[in-house]
Protein chains: 2
Amino acid sequence: MPGDEKEITIYDIANKLNISAATVSRALNDHPRVSKKTKKLVVKTAADMGYRSNSFASSLRTKNSNIIGLIVPRLNSNFMADAIAGIEKGLSNNHYNLIISQSLETMKKEINNANAMLVNRVDGLLVSLAYDTNNIDHFEPFIKRNIPVIFFDRVFEHDKCPQIYIDNFKAAYEITTHLIKQGCKRIVHITANQLRKVYAERYEGYKKALEDNNIWFDQDLVIINDLSSTAGIASAEQILRMTMLPDGVFSANDNCAISCMQTLKKQGIQIPADIAFAGFNNDPSACVIEPNLTTVNYKGYEMGEVAAKLMIDQLINKNELRHAHSLVLRSEMIVRDSSLRIK
Amino acid sequence: MPGDEKEITIYDIANKLNISAATVSRALNDHPRVSKKTKKLVVKTAADMGYRSNSFASSLRTKNSNIIGLIVPRLNSNFMADAIAGIEKGLSNNHYNLIISQSLETMKKEINNANAMLVNRVDGLLVSLAYDTNNIDHFEPFIKRNIPVIFFDRVFEHDKCPQIYIDNFKAAYEITTHLIKQGCKRIVHITANQLRKVYAERYEGYKKALEDNNIWFDQDLVIINDLSSTAGIASAEQILRMTMLPDGVFSANDNCAISCMQTLKKQGIQIPADIAFAGFNNDPSACVIEPNLTTVNYKGYEMGEVAAKLMIDQLINKNELRHAHSLVLRSEMIVRDSSLRIK
DNA sequence: TTGTATGCGTTATCAG
DNA sequence: CTGATAACGCATACAA
């Protein structure tokens with residue numbers, strides 16, 4: 001029966017070659033003080049014998065797992081899938097492995113995930129926070145142990161944890177200003193839970209743009225939901241019920257913007273003539289909807305790569321004073337037909 | 001300085017409580033032959049002392065990592081993101097962790113990934129194959145060690161490896177037949193590398209549907225590319241150069257179908273009147289493109305859940321005769337306006 | 001129900 | 001450059 005054969009260990013290799021296990025270990029780890037000849041011989045014999053290093057034993061000794069943990073709200077969004085792809089690339093290039101879990105937007109599961117990561121002894125943790133996370137005590141055990149915790153996108157302020165994000169305030173300010181320049185005076189803003197800094201900052205950017213253009217901020221024009229497709233439909237219905245229709249909509253994500261647009265279009269609303277639209281994220285569908293959606297390009301892949309790079313840096317420079325230097329990535333407004341009244 | 005404090009072990013707990021480490025170990029693992037009282041005391045003390053189990057030591061003893069490996073071509077596609085979300089849910093419910101990597105569609109990287117998984121001692125492996133993988137020798141080390149290897153979506157025939165997929169032949173047959181019923185007689189098929197069974201079978205389904213409806217199969221109507229958006233544009237250009245335009249297009253994925261449609265629309269082609277369209281996958285954008293795209297609904301999330309479930313079954317029933325029972329999941333054609341000529 | 005003793009496979013220390 | 005030896009922290013066989 002297969003699977004019952006004994007696994008080869010460095011002792012087996014040592015016996016076969018009449019050298020010590022210590023030398024075998026050193027040879028396999030490319031230790032400088034082993035002769036080229038021995039190294040070559042050991043590596044070859046190991047391969048021949050079907051040896052595979054036992055990472056459990058190795059990790060037990062070295063106290064390193066070479067595994068990075070990742071906790072995200074959802075794995076299946078365009079942005080997150082891109083981010084993970086970028087992270088995986090960055091880590092695997094440095095021979096780190098990635099273990100992933102999703103909080104499904106609840107702090108409760110996020111705490112469970114964090115504990116699992118702790119037990120799995122990840123060497124570092126990358127986190128994008130759940131919808132309702134209001135404190136990060138569950139990451140303290142990592143911080144206490146000097147295990148780097150890095151937040152990206154959905155970040156949290158902590159002087160030991162670097163953050164990677166884009167300037168959401170600025171991006172929202174720009175895109176709102178753009179709508180105003182296109183003649184919009186009553187702009188609806190669709191956003192989510194203000195606990196998440198990304199949404200709070202976009203909201204602030206929206207408000208500031210109104211203010212700077214002498215447009216009265218009207219709380220009734222702000223719709224707060226979960227930015228899902230379903231929420232987009234509901235938002236459209238809410239808009240249609242307004243006594244005075246808005247002439248612009250800035251949604252905090254594309255997903256919601258698109259389903260909102262579709263619903264309004266079905267009711268005969270002309271876009272951008274009646275209502276100009278802007279989203280956020282530059283999802284693939286933004287180039288499919290008609291008219292194409294003006295949005296903020298915000299590439300997850302790059303953010304993932306950067307997060308991985310920062311993590312590697314932290315792990316390599318373990319002894320250096322680790323100040324939480326944060327990174328603000330570029331984002332850019334992409335103007336498409338959904339907001340272009342003046343051509 | 002933080003991080004320098006010694007980690008608590010079961011010995012520390014044992015000392016504190018004046019019991020043996022063995023009892024602590026048993027108590028923490030909820031072993032039946034430990035008194036309720038001791039268990040409770042141990043668990044509480046462990047928590048108070050900030051103990052975390054050392055998975056390295058534990059794994060070294062038990063030879064189980066409680067980690068499942070996942071190798072996929074790309075992490076960032078709608079289908080794969082959904083599948084991974086389903087897998088993660090299924091595994092985490094059973095206290096398994098998930099370690100992921102992407103082959104970026106090359107067999108070379110897939111082999112590297114497999115080796116990394118081997119060294120990481122995953123308890124099982126879930127695989128969706130790269131574009132050009134033409135043999136699976138790199139998974140033999142797992143099979144030899146009785147580590148379950150399960151293929152999903154992009155599968156490979158092996159009598160020890162269960163497969164999870166949909167009936168691609170049937171789905172393609174149905175959707176092609178649908179196009180024919182809508183009056184199409186010259187149907188282009190856009191597909192990918194025939195090494196991958198999914199595409200080969202969709203191709204076969206297409207051919208069989210033509211045959212059964214007495215439509216001559218024309219090799220010139222078959223376009224083989226990588227099904228990317230870029231490839232969709234190129235396909236449209238190729239179609240426009242055809243001396244006689246086709247009256248239908250069946251693309252092996254939505255992504256390519258959509259960019260192809262967009263390009264043709266820009267050239268004034270009416271859809272579905274001039275050319276009827278059908279895709280595969282039911283990506284979110286299929287409901288955004290105008291007209292909405294007829295496609296095959298093929299939910300990744302469910303496939304992921306099923307893959308996780310099958311893996312758990314294999315791991316639990318370790319001793320049972322493990323015959324590679326494969327699973328064929330449901331898929332369904334969704335008819336939308338892109339193919340509806342007869343209303 | 002609890003304790004004792006041992007080994008899992010590696011790496012680091014020390015000695016040569 | 002190489003060898004002997006001692007941990008790393010846990011789980012289990014066996015003994016009590």
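None of these values were measured; they are calculated from a predicted model. Order of the sequence lines sets the chain letters (A, B, ...), proteins ahead of strands, with each chain counted from 1. Values below: every heavy atom of this structure, side chains too, minus hydrogens, waters and symmetry copies.
Residue-level contact check: A:Tyr11 touches the bases, meaning some heavy atom is under 4.0 Å from a base atom.
Shown here are the salt bridge (Lys or Arg N to Asp or Glu O under 4.0 Å) partners of B:Arg26, two or more places apart in sequence or in another chain: there are none. Taking the salt bridge (Lys or Arg N to Asp or Glu O under 4.0 Å) definition, one finds that A:Arg121 meets it with B:Glu7, sequence neighbours left out. A:Arg74 is linked by a salt bridge (Lys or Arg N to Asp or Glu O under 4.0 Å) to nothing, counting only residues two or more places apart in sequence or in another chain. The side-chain contact (heavy atoms from CB on, under 4.5 Å) search around A:Asn94 returns A:Tyr96, A:Ile312, not counting sequence neighbours. Under the side-chain contact (heavy atoms from CB on, under 4.5 Å) criterion, B:Asp12 pairs with B:Lys6, B:Ile8, B:Thr9, B:Met49, sequence neighbours left out. Residues meeting the salt bridge (Lys or Arg N to Asp or Glu O under 4.0 Å) test with A:Lys44, sequence neighbours left out: A:Asp48. Applying the side-chain contact (heavy atoms from CB on, under 4.5 Å) criterion to A:Leu195, with sequence neighbours excluded, gives A:Asn134, A:Asn193. Every side-chain contact (heavy atoms from CB on, under 4.5 Å) that B:Ile111 has, sequence neighbours left out, goes to B:Met107, B:Asn115, B:His138.
Spacing between atom CD1 of A:Ile13 and atom P of C:dT11 amounts to 11 Å, rounded to whole angstrom units. Rounded to an integer number of Å, the gap from CG of A:Asn64 to C1' of C:dT10 is 13 Å. When rounded to the nearest whole Å, the span between CG of B:Asn18 and C1' of C:dT2 equals 14 Å. Residue B:Leu60 contributes atom CG, which lies 12 Å from atom P of C:dT11 at whole-angstrom precision. Here the C1' atom of nucleotide C:dT10 and the NZ atom of B:Lys63 are 12 Å apart, to the nearest Å. Separating the CD1 atom of A:Ile10 from the P atom of C:dT11 is a distance of 6 Å, rounded to the nearest angstrom.
With hydrogens and angles ignored, the 3.5 Å screen pairs a side-chain donor or acceptor of A:Asp123 with a backbone N or O of A:Asn66.
Using bins of under 30°, 30° to 60° and over 60° for the plane-to-plane angle, the ring pair B:Phe151/B:Phe156 lands in the tilted bin.
A close approach under 4.0 Å does occur between a side-chain nitrogen or oxygen of A:Tyr51 and OP1 or OP2 of C:dT10. Regarding contacts with the backbone of C:dT11, a side-chain N or O of A:Ser25 is found under 4.0 angstrom from either OP1 or OP2.
Residues from residues 26-45 of chain A with heavy atoms under 4.0 angstrom of DNA chain C, sorted by number: A:Arg26, A:Asn29.
Within the structure, the salt bridge (charged side-chain N to carboxylate O under 4.0 Å, His left out) test picks out the following pairs touching residues 88-100 of chain B (sequence neighbours left out): A:Lys109-B:Glu88, B:Lys89-B:Glu305.
For the helix from C:dT1-D:dA16 to C:dG16-D:dC1, the end axes, each set by the C1' atoms of five terminal pairs, are bent relative to each other by 30° (nearest 10°).
Using a 4.0 Å cutoff to heavy atoms of chain B, the contacted part of DNA chain D runs 5' to 3' from D:dG9 to D:dA13.
One donor-acceptor pair, N or O on each side, does fall under 3.5 Å between the base of C:dT11 and the side chain of A:Arg61.
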